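The block underneath contains the structure these notes are about, expressed in structure tokens.
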Amino acid sequence: MSDSQMVRVRIAPSPSGYLHVGTARTAIANYLFARHNKGRFLIRIEDTDAARSDPALVQPILDSLNWLGVAWDEDIVYQSARLGVYREYAEAILRRGAGYRCFCSLDLLEKDRREAREQKRPLHYNRRCLKLTPEEIDRKLARGEEYAVRIRIPEGVTTFADMVSGELKRSNDEIEDFVIARSDGSATYNLAVVVDDHDMGITHVIRGNDHITNTFKQLHIYRALDFTAPAFAHIPLLLRPDKRKVSKRLGDKDVGEYRQEGILPEALFNFLSLLGWSPKTNREIYTPHELVEIFTPDNFNVSNAIFDEEKLEAVNREHIAKKTDHELAVMVAPLLVEAGFTTKYWLETRWEYLRSVIRLLRQRVRRITDFVNLGSYFFDFDYSYDPAADEKNFTPEAAELLSDLADRFAGLAAFTAPAAESVLNELAEERGLKRAKLIHPVRLAVSGVPGGPGLFEMMELLTGPVIVERLIKAVEYIKKKPS
Ligand code: GLU
């Protein structure tokens, strides 16, 4: 493939918020397409709307992309650095006669729209300024009147072959002579996008299907500038389970929040890839590398995709299962420190202990943060008891049993899981009790919670002295309880 045919795609986030899952999904689709075709994936920051964009948001967006493993190939393009370029292209459109100056004031345009609304006509610009004679234009220019530049939409039909939906068509009557440069000389969104995509050598524009209307407009700018238009793929939008579009406003999370909440980057990558795109197999779990191999734009669905967080958790669980205990320990350690259960130093000197905790809990977690939520008692020696379990299991009779067990455990030469289990079984037998009568209060005493990994493995890991101390502490606690 020669360099001029090399696939070049991009995403163009505006820094008006953090990296939204919808934008992340578009980024992944572009990235997979680029990598699969041995092409380039680029980033452009659409930061010309000073009122809406905040330079401080660029870095978090890039951080989230990096975290997801969506790496870009060339220097990032900032639209704010290209204002002069857009101006030149707006002038070129005027010179070529493909656009015209519009001197209408905002008030006048508003009045036009009001009348159109009253008469139930389309709200399109009425082409008043297209009818100006060259003399009238010269007079206005000589008077220093301000003007915007509008593109002139010819009669006819605009069509393009969308890579997802096939041929799309729109009658040009439905496309107004839209403004490409404002009276202050600044470019409007559609002009800037076309100029940038052209100058960046973009071969395929892969973006959300909410941009189809923009594409119909942008095709007229390509024509007006005699640029070759790229191929377009309008991919389905992400919807919430209630079928509304995923949106920050509705409380939907950005990529950074999923990261915070213990989702693995490869899980989010996997999950987002399969939203609106299908490998056409029943398999659901893929590494990013595997997705690069199998990706083809033919398999995009036309209908919008539902972002179901439970599904994401299930995918996350599968990716957690692929990690080694050590890899998980590296991720969990800082979370334990952050939660205040332990210190970096404590963990560094007890790495094997942390790995054993991971080994015990890994079957039960759906998120990395679950290791902290489900296993805090491995690190926190000052926990309280689950109230419902306390009420049910911490009876005076239990106190007596726990006290007896503490003595027997203390007498064990080697506190192993099988040894602890035999001691408990013996006590149950002597007293003619079901094992459960002992197991529930013991679990509550040594962990503070009613459920968890295998009780005896957990006790062995916590070690005999800790278990004895925790049992005695529970006994004292029960004795002090108001009866
Ligand atoms: N800034 C636009 C968006 O985030 C980019 C659209 C495009 O890809 O052209 O939706």
Side-chain angles (χ1 to χ4, degrees), residues 7-34 39-55 57-58 60-62 64-65 68 70 72 74 76-83 85-86 89 160 162-165 168 178 180 186-222 225 227 229-239 245-249 252 254-255 272 275-276 297 300 304-305:
V7 161
R8 291 172 65 85
V9 294
R10 57 32 171 208
I11 54 157
S14 47
S16 56
Y18 294 113
L19 184 68
H20 188 267
V21 286
T23 311
R25 204 276 306 251
T26 305
I28 290 170
N30 278 280
Y31 172 85
L32 290 174
F33 185 70
R40 297 272 166 93
F41 168 67
L42 315 181
I43 295 184
R44 175 169 77 233
I45 300 293
E46 302 207 323
D47 56 352
T48 49
D49 184 347
R52 288 188 56 232
S53 43
D54 177 354
L57 289 168
V58 173
I61 290 174
L62 300 179
S64 286
L65 286 168
L68 263 179
V70 179
W72 58 96
E74 294 176 10
I76 294 174
V77 174
Y78 289 85
Q79 285 196 326
S80 55
R82 293 177 44 80
L83 304 180
V85 179
Y86 307 140
Y89 280 111
F160 69 96
D162 186 76
M163 287 162 65
V164 178
S165 302
L168 295 179
F178 58 94
I180 53 169
S186 64
T188 56
Y189 169 75
N190 283 311
L191 176 63
V193 169
V194 169
V195 166
D196 288 339
D197 283 341
H198 172 263
D199 288 1
M200 290 165 76
I202 299 303
T203 56
H204 298 75
V205 169
I206 303 173
R207 60 186 171 196
N209 65 21
D210 50 342
H211 282 287
I212 288 177
T213 297
N214 283 329
T215 300
F216 281 113
K217 291 181 172 177
Q218 290 172 13
L219 285 168
H220 286 281
I221 303 178
Y222 281 102
L225 286 168
F227 290 164
F232 291 95
H234 291 92
I235 60 179
L237 297 183
L238 300 190
L239 302 183
K245 192 174 145 188
V246 165
S247 125
K248 187 83 199 149
R249 208 167 29 82
D252 293 311
D254 63 77
V255 169
L272 288 174
L275 280 184
F300 276 117
N304 294 334

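None of these values were measured; they are calculated from a predicted model. Counting starts at 1 for both ligands and their atoms, in listed order.
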*Within a strict 4.5 Å, meaning less than it, do heavy atoms of the Ile221 and Phe178 side chains meet?*
yes
*asked:* With a 4.5 Å cut-off on side-chain heavy atoms, are Ser165 and Phe300 touching?
replied: no
*Hey, do the aromatic rings of Phe216 and Phe160 have their centres closer than 6.0 Å?*
yes
*Identify, for atom 4 (O) of ligand 1, the protein heavy atom at the shortest distance, and state residue, atom and that distance.*
Ala12 O, 3.6 Å
*asked:* Let me confirm one number: the CG-CG distance from Leu68 to Leu19, rounded to the nearest 0.5 Å.
replied: 7.0 Å
*N/O of Arg44 under 3.5 Å from N/O of ligand 1, yes or no?*
no
_Check Asp199 with Arg82, please: is the shortest side-chain N to carboxylate O separation under 4.0 Å?_
yes
*Of the choices Glu46, Arg207, His211, which has the non-hydrogen atom that lies closest to atom 10 (O) of ligand 1?*
His211
_Proximal ligand 1 atoms for Arg10, defined as those under 4.0 Å from one of its heavy atoms_ = 7 (C), 8 (O), 9 (O)
*For ligand 1, which atoms, with element, lie under 4.0 Å from some heavy atom of Tyr189?*
2 (C), 5 (C), 6 (C), 7 (C), 9 (O)
